[in-house]
Amino acid sequence: MELLMSVSGSRRSEGSYRRSGGCAQGRSPRPAREDVKFVRWPAERHLRDLCREERIPCLLVVEGGAEPPVCSDPREDWVRTPISPSDLDARVAALRQRSHDRRTPVLDPAGTLSFRTASVVMSSTHLELMDLFVERFGQVVYRWELMAILTKRDSTSTRNALDLHIMRMRKRIAPLDLDIVTAWGRGYALEEKSPWAAVASKPSAVDHC
């Protein structure tokens, strides 16, 4: 039994999925994070666990008369073969969109920062700083831009004051699996914590840039 698979972006590649086979065309179980992983169900349930752990979008291909799984994670969906290429493309596109939406933090006017299924409330002091970080998620926010926000609130703010705010914001957003990383010589960037980062690695309070 074959399954036509749309693997990445808008480009469609044709691969095969057979009951006796593993990943299509020998693909690695760790694809690029924006790609959707195709997993046989229930034969490859261990790969489903891996996708959940590493937050990889996963389309479960239910085999034969197997009972379909309950997909409560927005990064999961399931199909039963055979399925038409157009239906498959639609499922994959929806899955990618849901996964993308969960990877972008949102800061509401009340100061609640939400990411995936968790949220924290930012202090009024940090609200404007975080608003700029969220607006440029994954991109560098220059140090002078952050200092301009602080000095607008308090003209006596110093470089050390910004360092302290960064340290406090890092601690505040840690439960969301977000981090403020240092862009040496430029500023900082708000990013998602890498799922492969060592749990034991704890940075010093502030990395001066």
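Numbering of residues begins at 1 and proceeds along the displayed sequence.
Under the 4.5 Å side-chain heavy-atom criterion for ILVMFWY residues, a single connected hydrophobic cluster contains both Leu146 and Val134. Linking Ile, Leu, Val, Met, Phe, Trp and Tyr residues whenever their side-chain heavy atoms come within less than 4.5 Å leaves Ile180 and Val140 in two separate clusters. Residues Ile149 and Tyr142 are members of separate hydrophobic clusters, defined by side-chain heavy-atom contacts under 4.5 angstrom among Ile, Leu, Val, Met, Phe, Trp and Tyr. Both Phe38 and Ile83 belong to a common hydrophobic cluster when Ile, Leu, Val, Met, Phe, Trp and Tyr are linked at side-chain heavy-atom distances under 4.5 angstrom. Residues Met130 and Val181 are members of separate hydrophobic clusters, defined by side-chain heavy-atom contacts under 4.5 angstrom among Ile, Leu, Val, Met, Phe, Trp and Tyr.
Atom CG of Leu190 sits about 8.5 Å away from atom CG of Asp179, to the nearest 0.5 Å. With rounding to the nearest 0.5 Å, the separation of NE2 in His126 from CE in Met169 is 5.5 Å. The structure places CG of Leu129 at 10.0 Å from CE of Met147, a figure rounded to the nearest 0.5 Å. Here CD of Glu192 is found 6.0 Å from CZ of Phe137. Values are rounded to the nearest 0.5 Å. The OG1 atom of Thr156 lies 10.0 Å from the CG atom of Leu150; values are rounded to the nearest 0.5 Å. Taking CG of Leu59 as the start and SG of Cys51 as the end, the distance is 10.5 Å to the nearest 0.5 Å.
Residues Cys58 and Val36 have side chains not in contact (no heavy-atom distance under 4.5 Å, counting atoms from C-beta outward). Looking only at side-chain heavy atoms (C-beta outward), Thr125 and His165 come within less than 4.5 Å of each other. Between Val121 and Arg172 there is a side-chain heavy-atom pair separated by less than 4.5 Å. Considering only heavy atoms from C-beta on, Val141 stays 4.5 Å or farther from Tyr188 through its side chain. Pro69 places a side-chain heavy atom less than 4.5 Å from the side chain of Val62. Between Arg159 and Arg143 the shortest side-chain heavy-atom distance falls below 4.5 Å. Inter-residue side-chain proximity for Pro68 and Trp41 is flagged as unmet; no heavy-atom pair is nearer than 4.5 Å. A heavy-atom distance below 4.5 Å is not found between the side chains of Leu113 and Val106.
With sequence neighbours excluded, the residues that form a salt bridge (Lys or Arg N to Asp or Glu O under 4.0 Å) with Arg153 are Glu128. Residues meeting the salt bridge (Lys or Arg N to Asp or Glu O under 4.0 Å) test with Glu145, sequence neighbours left out: Arg136. With sequence neighbours excluded, the residues that form a salt bridge (Lys or Arg N to Asp or Glu O under 4.0 Å) with Arg91 are Asp77.
Cys71 and Trp78 make their closest contact through SG-CD1, 3.8 Å (heavy atoms, listed as atom of the first residue, atom of the second, distance). In plain terms, the two heavy atoms of Leu176 and Phe115 that are nearest each other are O-CD2, 3.1 Å. Taking both residues in full, the closest heavy atoms of Pro105 and Leu178 are given as CB-CD1, 4.2 Å, listed atom of the first, atom of the second, then distance.
The existence of a salt bridge linking Glu63 and Arg80 is excluded, since no basic side-chain nitrogen approaches an acidic carboxylate oxygen closer than 4.0 Å.
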Step-by-step side chain to side chain contact (heavy atoms under 4.5 Å, CB included) determination, Glu76 to Arg48
CA-CA 9 Å; Glu76 283 186 349; Arg48 181 196 192 188; 2.9 Å; yes
After noting the C-alpha distance and the side-chain angles of Ile173 and Met122, does the key distance pass the side chain to side chain contact (heavy atoms under 4.5 Å, CB included) rule?
CA-CA 9 Å; Ile173 67 177; Met122 307 301 297; 4.2 Å; yes
Does Asp35 form a side chain to side chain contact (heavy atoms under 4.5 Å, CB included) with Arg96? I'd like the steps, not just the answer.
CA-CA 8 Å; Asp35 286 348; Arg96 280 202 182 100; 4.3 Å; yes
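Neither side chain, Asp89 nor Ser86, offers a donor N or O lying under 3.5 Å from an acceptor on the other. Thr158 and Asn160 share no side-chain donor-acceptor pair at under 3.5 Å.
Across Leu47, Leu50, Leu95, a single residue satisfies side chain to side chain contact (heavy atoms under 4.5 Å, CB included) together with Lys37, and that is Leu47.
Checking side-chain atoms of Arg45 against main-chain N and O of Val39 turns up no donor-acceptor pair under 3.5 Å.
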